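Please read the structure below before turning to the comments.
This one's a predicted model, so the numbers in the text were calculated from it and none came from an experiment. Naming: A, B, ... by sequence-line order, numbering from 1 per chain.
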Amino acid sequence: MPELPEVETTRAGIAPQITGRRVSKVIVRDRRLRWPVPPALARELPGQRVHEVTRRAKYLLLKADTGSVILHLGMSGSVRILTRSLAPLPHDHIDIRFGRAAILRFNDPRRFGCVLWTRRDPFSHPLLADLGPEPLSADFAGEKLYESSRGRKVAIKNFIMNAQVVVGVGNIYASEALYLAGIHPRRPAGRISLARFNELAAQVQRVLRAAIRAGGTTLRDFTDSDGLPGYFSQSLKVYGRTGLPCKRCGEAIRQEVIGQRSTFFCPHCQR
DNA sequence: ATGCGGACCTGTTAGC
DNA sequence: TGCTAACAGGTCCGCA
C-alpha cells in the first residue's frame, strides 16, 4: 500500500486528530517489527504532547516533548484513528492513546514497518540522516539527478528508487514516471541527458501530486480500515497493465523484473 | 564506491 | 475445488 502518496495522505489524515493532544498510554501488543519496538516508547511517550506530525521520505514523524516517534509503514502497514475503543484485530500491533479523544492504531501484517522512539533530532537518526531530496520540494529538479548519475551504470529504474538519490519513488510510481518521461527503465542512469532528467523530475512530481490528490479524496475521514486509495489505480498508465495496449501507441505493455521488482513499460514509447 | 542478491514477514492470487 | 507456488506498494545489509 504505502508509497509516498499514501504516507502523505496518512499524515494529512491523522495530523488534525492528534496534533496538540496529550498521549495517555501506549500499548505494544507485538514489538517484533522490522526493528523491535523500543521499550522507551511506552515508557517515555505517555504524558507528552504531540506537537506536530510531519513526513520525511516515507517516514512519519510525531514530534513530542522530549523526543519523536519515527514510524514507517513498510509494505503492508497502516495507521488509523479510532474515536472510540474497538477490539484489536489481527496485526494491530501498537496503540498510541490520546485520552478519550483518539487512538492511533498501527496495523502491519508483514511487519516490515517500524515504530521507533528517539530523543534526538529525528533527522540525524541513522535511518534518516543519509536520505536524498524530497521529490515534492520546490528545489527538486533534474540537475541533481543528472549530477549524481554521472558514471553510474545502474538502471534508471533502480536509480530513482534509491533513497539516497531521491526519496519517495516506489515501485509503482517509478514505472509510471519513466513511462510519462519516455525513458526505458533499463537505461543506464549515467547515459541520460540533463534535458531528459528534467522531464523525469517533472513527471515524478506530477504523478506523485496527482496520486496524493486522489488519495486525499478517498480517505477524507480516516476512520477507514486501511489507507488504500484504490482510486489512483484508474490513472495508472503502465503499472499492472501487462499485455494491455499502451494508451499512447497501442503496443502491448511489457512486464519484466528489474532489480528484483516487477517493472512495467511500453517498449515503443520508452527508449 | 558501486551494484547485486538475500533477508525480513504474512496474505492473496495464479496456476496446475 | 484444493493444494502449491509465486508474488505483493519497502529498504537494509553483506558481499564481490
Side-chain angles (χ1 to χ4, degrees), chain A residues 1-11 29-37 55-60 70-79 89-94 106-116 125-132 135 147-178 185-191 204 207-208 210-212 214-215 218-219 225-243 255-264:
Chain A
M1 302 149 194
E3 285 217 29
L4 185 138
E6 290 73 21
V7 178
E8 177 56 27
T9 303
T10 296
R11 190 204 62 73
R29 297 187 191 83
D30 192 341
R31 57 176 75 256
R32 297 173 305 162
L33 299 181
R34 172 104 196 237
W35 292 280
V37 179
R55 178 187 61 74
R56 172 74 173 109
K58 293 172 189 163
Y59 292 94
L60 289 172
I70 299 174
L71 189 155
H72 198 291
L73 299 174
M75 289 275 252
S76 58
S78 62
V79 295
L89 296 170
H91 313 300
D92 278 342
H93 305 310
I94 297 178
F106 175 86
N107 179 288
D108 186 5
R110 292 176 74 179
R111 291 191 273 116
F112 286 177
C114 67
V115 179
L116 301 172
H125 189 281
L127 290 172
L128 307 199
D130 298 326
L131 292 175
E147 285 161 22
S148 56
S149 68
R150 293 309 87 185
R152 300 287 300 272
K153 294 180 175 172
V154 69
I156 184 62
K157 164 115 182 313
N158 297 339
F159 183 71
I160 60 170
M161 288 181 68
N162 180 343
Q164 298 189 340
V165 172
V166 55
V167 302
V169 182
N171 199 42
I172 294 176
Y173 300 112
S175 280
E176 291 298 307
L178 288 168
R186 287 193 196 276
R187 177 168 282 275
R191 297 198 25 248
V204 165
V207 71
L208 292 178
I212 289 171
T218 315
L219 304 164
S225 65
D226 71 9
L228 192 97
Y231 215 131
F232 193 73
S233 58
Q234 295 172 7
S235 312
L236 297 175
K237 306 277 195 223
V238 288
Y239 189 87
R241 298 194 66 248
T242 313
Q255 175 177 359
E256 293 180 13
V257 174
I258 301 177
Q260 300 166 219
R261 311 296 298 277
S262 281
T263 305
F264 303 83

Between the protein and nucleotides 4-6 of chain B, list every N/O to N/O distance that falls short of 3.5 Å.
unit_1, atom_1, unit_2, atom_2, d
dG5(B), N9, Gln260(A), OE1, 3.4
dG5(B), N7, Gln260(A), OE1, 3.2
dG6(B), N7, Gln260(A), NE2, 3.3

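A donor-acceptor pair under 3.5 Å is absent between the side-chain atoms of Ser76(A) and the main chain of Gly74(A), judged by distance alone. At least one donor-acceptor pair under 3.5 Å links the side chain of Ser175(A) to the backbone N or O of Phe264(A). With hydrogens and angles disregarded, no donor-acceptor distance shorter than 3.5 Å links the side chain of Arg55(A) to the backbone of Leu60(A). The closest donor-acceptor contact from the side chain of Asn158(A) to the backbone of Arg186(A) lies at 3.5 Å or more, if one exists at all. Side-chain N or O atoms of Thr242(A) include none that pairs as donor or acceptor with a backbone N or O of Gln255(A) at under 3.5 Å. Asp130(A) contributes no side-chain N or O that, together with a main-chain N or O of Gln164(A), makes up a donor-acceptor pair within less than 3.5 Å. With hydrogens and angles ignored, the 3.5 Å screen pairs no side-chain donor or acceptor of Glu176(A) with any backbone N or O of Leu236(A). The backbone N or O of Lys58(A) sits nowhere less than 3.5 Å from a side-chain atom of Arg56(A) that would complete a donor-acceptor pair. In this structure a side-chain-to-backbone donor-acceptor pair under 3.5 Å is missing from Arg191(A) to Arg187(A). At least one donor-acceptor pair under 3.5 Å links the side chain of Arg111(A) to the backbone N or O of Arg32(A).
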message = Determine whether Ile94(A) and Leu71(A) satisfy the following criterion, side chain to side chain contact (heavy atoms under 4.5 Å, CB included), listing intermediate values before the conclusion.
response = CA-CA 11 Å; Ile94(A) 297 178; Leu71(A) 189 155; over 6 Å; no
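Atom NE2 in His72(A) sits about 19 Å away from atom P in dC8(B), given to the nearest Å. With rounding to whole Å, Tyr173(A) atom OH is found 16 Å from dA8(C) atom P. Remark: C1' of dA8(C) and CE of Met161(A) are 12 Å apart, rounded to the nearest angstrom. Whole-Å rounding puts the His93(A) NE2 to dC9(B) C1' distance at 10 Å. Regarding Phe106(A), its CZ atom lies at a distance of 12 Å from the C1' atom of dC9(B), rounded to whole Å. In this structure, Leu116(A) atom CG and dC12(C) atom P are separated by 12 Å, rounded to whole Å. Rounding to whole angstrom units, CG of residue Leu127(A) and C1' of dT11(C) are separated by 10 Å. The nearest whole Å value for the distance from the OH atom in Tyr59(A) to the P atom in dC12(C) is 5 Å.
The side chain of Ile172(A) lies closest to dG9(C), out of dG9(C), dC8(B), dT11(C).
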message = Can you build the contact string for nucleotides 10-16 of chain B? Use B for base contact, S for sugar-phosphate-only contact, and - for no protein heavy atom under 4.0 Å.
response = BS-----
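Using a 4.0 Å cut-off, some side-chain N or O of Tyr239(A) falls inside it from OP1 or OP2 of dG9(C). Contact annotation: Ser76(A) does not reach the phosphate of dG9(C) (side-chain N/O to OP1 or OP2, under 4.0 Å). Phosphate contact (OP1/OP2 of dA8(C), side-chain N/O of Arg261(A), threshold under 4.0 Å): absent.
Classified by interplanar angle (parallel below 30°, tilted 30° to 60°, perpendicular above 60°), the ring pair His93(A)/Phe106(A) is tilted.
With pairs defined as Watson-Crick or G-U wobble and both atom distances under 3.5 Å, the stems of at least three pairs that touch DNA chain C come out as B:2-8 with C:10-16, B:10-16 with C:2-8.
Taking the P atom of each, dG6(B) and dA6(C) are spaced 14 Å apart, rounded to whole Å. Comparing the same atom, P, in dT12(B) and in dT11(C) gives a spacing of 22 Å after rounding to whole Å. Nucleotides dG14(C) and dC9(B) place their P atoms 16 Å apart, quoted to the nearest Å. For the P atoms, the distance from dG5(B) to dC7(C) is 16 Å, rounded to whole Å.
Stacking of the aromatic ring of Phe112(A) onto the base of dC9(B) is not found under the criterion of centres within 5.5 Å and planes under 30°.
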